[in-house]
Number of protein chains: 2
Amino acid sequence: MNDLTPLNVRNAAAQHDASLARRGCPVSDLKDRLRKSGLRPTRQRISLGWLLFAKGDRHITAESLFEEAMRARVPVSLATVYNTLHQFTEVGLLRQLAVDGSKSYFDTNVTDHHHFFVEEDDQLMDMPMEVAVGELPAAPAGMEIARVDVIVRLRRLPG
Amino acid sequence: MNDLTPLNVRNAAAQHDASLARRGCPVSDLKDRLRKSGLRPTRQRISLGWLLFAKGDRHITAESLFEEAMRARVPVSLATVYNTLHQFTEVGLLRQLAVDGSKSYFDTNVTDHHHFFVEEDDQLMDMPMEVAVGELPAAPAGMEIARVDVIVRLRRLPG
DNA sequence: TTACGTGCAAATAATTTGCAGTCCC
DNA sequence: GGGACTGCAAATTATTTGCACGTAA
């Protein structure tokens, strides 16, 4: 593991901006996040984490991430992709979404937000602005609200 | 088909309330609804419709309706239950809900409303009041909103 | 009669699991 | 070195499909 040298070299410059330093070495940042979550930073988890988090907010399925890994020549099994997605979800790195009764989607954006869904092309999009869900009825006795999911289903306009 | 006699008998009393008259013979009412939707009122569709609509608003899965049919000694295959649920959904007698990535739920309440979902026991409930979803962002160009689904996920409070 | 429905069993799709071997700490 | 992790293949779960037979119009 010789990724320590580059970090040391830029130590002085990064002193005033830790996040910049981390941005300089996303792999070691990812390792830290995994370790802090109690997950061993294995080859597969780092590769998948790299694919997931390097390109901004994304909505992926197990199958689509697996294909992406294959294309990137990352050797990983489909079973491990499923395991990794669920482990990442448990520790809060991902959020799982139920949009159609069949496959599960995972969102790399774990902040509070809602979604558009275009059924025709199975496409999920984050909603550009915060949607205020007005007055929710109180949760039944002995219950508390864990999460509110809003999905706005879109249809392509004819013409 | 001798279910006409009871209808005729109460004709006079029902004159001022057609819906009451229909409530008097739900089977023939169901047949009409099916026929109007372009679905042949077959033995299986009538039996399943009876199970679905006789007891007020319900949330069922293919598997749960199949079990219910078995218990009621209604001879029907699981494949037909799936077909029937989807056909009923297409003609607007049911509404399909995606709550968890795995199985599909069907709601006999097709009016606009939202849901509570208790993950621990896979239980779905209609929300008691209309929830106003505030200001939705405009649909992207060339799109229109087909439906808005709100699911409030509940967690059992400890203690 | 005849097209539409249904039952059954086999096919698919998404996901999970068991276990032998591998790798991080 | 030892327990956590991975890969593979087989098992599960939810759902769909093909086709011979049944039945409502």
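Chain letters run A, B, ... following the sequence lines, proteins first, then strands; residues in each count from 1.
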Regarding [X] and [Y], does a basic nitrogen lie under 4.0 Å from an acidic carboxylate oxygen?
X	Y	value
A:Lys103	A:Glu63	no
B:Asp149	B:Arg147	yes
A:Arg153	A:Glu120	no

**OP:** Sequence neighbours left out, what pairs pass side-chain hydrogen bond (donor to acceptor under 3.5 Å, both in side chains) with at least one residue falling in residues 37-51 of chain A?
**Re:** A:Arg45-A:Gln87

Original post:
Has B:His86 got a side-chain N or O lying under 4.0 Å from the OP1 or OP2 atom of D:dT16?
Top reply: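 For B:His86, the contact criterion (side-chain N or O under 4.0 Å from OP1 or OP2 of D:dT16) is met.
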
Measure [atom1]/[X] against [atom2]/[N] and give the value in whole Å, please.
X	N	atom1	atom2	value
A:Ile46	D:dT6	CD1	P	10 Å
A:Leu34	D:dA4	CG	P	17 Å
A:Gln87	D:dC5	CD	C1'	8 Å
B:Arg35	D:dA24	CZ	C1'	9 Å
B:Glu67	D:dA14	CD	P	10 Å

Subject >> A:Val148 vs B:Val150, side chain to side chain contact (heavy atoms under 4.5 Å, CB included): CA-CA, chis, key distance, verdict >> reply: CA-CA 7 Å; A:Val148 178; B:Val150 176; 4.1 Å; yes

Original post:
Can you find a pair of side-chain heavy atoms, one from B:Arg156 and one from A:Met143, that are under 4.5 Å apart?
Top reply: yes

**OP:** Supply the atom-to-atom distance A:Asp126 CG to A:Phe116 CZ, rounded to the nearest 0.5 angstrom.
**Re:** 10.5 Å

Original post:
What is the ring orientation for B:Tyr105 with B:Phe117, classed by angle as parallel under 30°, tilted 30 to 60°, or perpendicular over 60°?
Top reply: perpendicular

Original post:
Which of residues 90-108 of chain B sit near DNA chain C, with a heavy atom under 4.0 Å from it?
Top reply: none

Original post:
Which residues in residues 74-82 of chain A have at least one heavy atom lying under 4.0 Å from any atom of DNA chain C?
Top reply: A:Leu78, A:Ala79, A:Tyr82

Original post:
If you find the nucleotide of DNA chain D closest to B:Thr61 and the one closest to A:Thr42, which residue's nucleotide is nearer the 5' end?
Top reply: A:Thr42

Subject >> First-last contacting nucleotides on DNA chain C - partner chain A, under 4.0 angstrom, heavy atom >> reply: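 Contacts span C:dA14 to C:dC25, reading 5' to 3'.
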
Subject >> Heavy-atom pair of closest approach, residues B:Ala98 and A:Val99 >> reply: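 That closest heavy-atom pairing would be CB-O, 3.2 Å.
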
Subject >> Nearest heavy-atom neighbours spanning A:Gly101 and B:Ser104 >> reply: CA-OG, 3.6 Å

Original post:
Does one hydrophobic cluster hold both B:Ile60 and B:Val91, with members joined at side-chain heavy-atom distances below 4.5 Å?
Top reply: yes

Report all interatomic pairs (protein N or O, nucleotide N or O of nucleotides 21-23 of chain D) with separations under 3.5 Å.
from, atom 1, to, atom 2, distance (Å)
D:dT23, OP1, B:Arg43, NH2, 3.3

Subject >> Modelled atom types, side-chain donor and acceptor of A:Asn109 and A:His59, under 3.5 Å >> reply: no

Original post:
Residues two or more places apart in sequence or in another chain: which of them pass salt bridge (Lys or Arg N to Asp or Glu O under 4.0 Å) with A:Asp107?
Top reply: none

